[in-house]
Amino acid sequence: MEPFALEAIERIAAAARPSYETIAVAPLTPIIGAEVAGVDLSRPLAQQQLDEVRRAFLAHHVLVFRDQVLTPEDHKRFARCFGPLRRVPLADVDGGDPEILELKASKASRFVAGEAWHADGTADAEPSLGSLLYVTQTPEIGSGGDTLFANMHLAYDMLSPPMKQLLDGMTAVHDGLIPWQGHVPPPELTIPKNEHPVVARHPETGRKLLFVNSGFTSHIVQLARAESRAVLDMLFRLVESEPILTCRVRWQPNTLVFWDNRCVQHHAVWDYYPFARYGQRVTVNGGRPAA
Ligand code: SIN
């Protein structure tokens, strides 16, 4: 690995961690993810505990809460502490809760949601702040169905200085049709398409991050088509091929994971067919990414 990439990793690994009085936080890796203990999400959190969860969220970007027995209302109450919830397109057509996306996989599945590296909702004008996935059924075989998460601050920091300079100030199109390739979207679905900075700043920490993903980003506006393809493929490969960027969450029933879509990409691993997995996801509204 190049010296500038090693320095970037060391900087993140050595960053001061917040201290906590009401929760216990155990990092999954030095770079991304933490398990949080001492929290019962089936009740409203006291202000100090909520503040500490927020601090842990900004420090680790992906928080794992085990052994939570939650109703949909508990799930949504916790999510609302971070902002208004997004409506799931067409969720209420079959009488479902418009704020809950069901993620089901079984022997009948021909694809599952979230198999490509992506952040939720980046084709929207205001992509999501974060998602909270509550998994209650894991594959009967006892393993599989993990989710991988990648730290996009580090993905940016690991680029060479000339590559950073090239990308700073560019914008890319995020197209909601990309996940539908090979399938026909329902005609009543409005498909979003929006332009965002390639290098954005986290709205709360001000830190720079790489904001393109293989799930939604079609092209970089300022480059020729072939140049854009080559640069995006290189950036997507970085996320796929650098384990140092990532953590892996192994689900157990009744685990809730809260991740920051502003600086994290995720990838649901579908390695458990023909077994089943079930979860419900709630997503919090975010704002327009700024360069
Ligand atoms: C997703 O939110 O994209 C799916 C995540 C998962 O099923 O693990």
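Ligands are counted one by one from 1 in listed order, and the atoms in each one are counted from 1 as well. The figures that follow rest on heavy atoms only: side chains count, while hydrogens, waters and symmetry mates do not. Model, not experiment: these values are computed from the prediction.
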Using only heavy-atom distances, determine whether the side chains of [X] and [Y] contain a donor-acceptor pair under 3.5 Å.
X: D168; Y: Y156; answer: yes
X: T171; Y: Q222; answer: yes
X: R277; Y: T138; answer: no
X: D120; Y: S131; answer: yes

Straight-line distance of E52 CD to E21 CD, nearest 0.5 Å: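 If I round to the nearest 0.5 Å, the distance is 6.0 Å.
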Within reach of ligand 1, part of V135 (heavy-atom separation under 4.0 Å):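 Neither; no heavy atom under 4.0 Å.
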Location of contacts on W259 toward ligand 1, heavy atoms closer than 4.0 Å: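 Side chain only.
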Mark up the atoms of ligand 1 that fall under 4.0 Å of a heavy atom belonging to [X], in ascending order.
X: A268; result: 5 (C), 6 (C), 7 (O), 8 (O)
X: L133; result: 5 (C), 6 (C), 7 (O), 8 (O)
X: H118; result: 3 (O)
X: L103; result: 4 (C), 7 (O)
X: G114; result: 3 (O)

Closest non-hydrogen protein atom to [atom], residue and atom name please, with distance?
atom: atom 1 (C) of ligand 1; value: H266 NE2, 3.3 Å
atom: atom 7 (O) of ligand 1; value: R277 NH1, 2.9 Å
atom: atom 2 (O) of ligand 1; value: R281 NH1, 2.8 Å
atom: atom 8 (O) of ligand 1; value: T147 OG1, 2.5 Å

Reference residue H61; test ring pair (Phe, Tyr, Trp, His ring centres under 6.0 Å); the match among H202, H266, H153: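 So, applying the ring pair (Phe, Tyr, Trp, His ring centres under 6.0 Å) to H61 and each of H202, H266, H153, only H153 qualifies.
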Parallel, tilted or perpendicular, as decided by the 30° and 60° cut-offs, for the rings of F57 and F258: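 Aromatic pair F258/F57 classed parallel.
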Check: W251 N/O within less than 3.5 Å of ligand 1 N/O: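 In fact, backbone or side chain, W251 has no N or O that close.
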Salt bridge R262-E204, side-chain N to carboxylate O under 4.0 Å: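 A salt bridge links R262 with E204.
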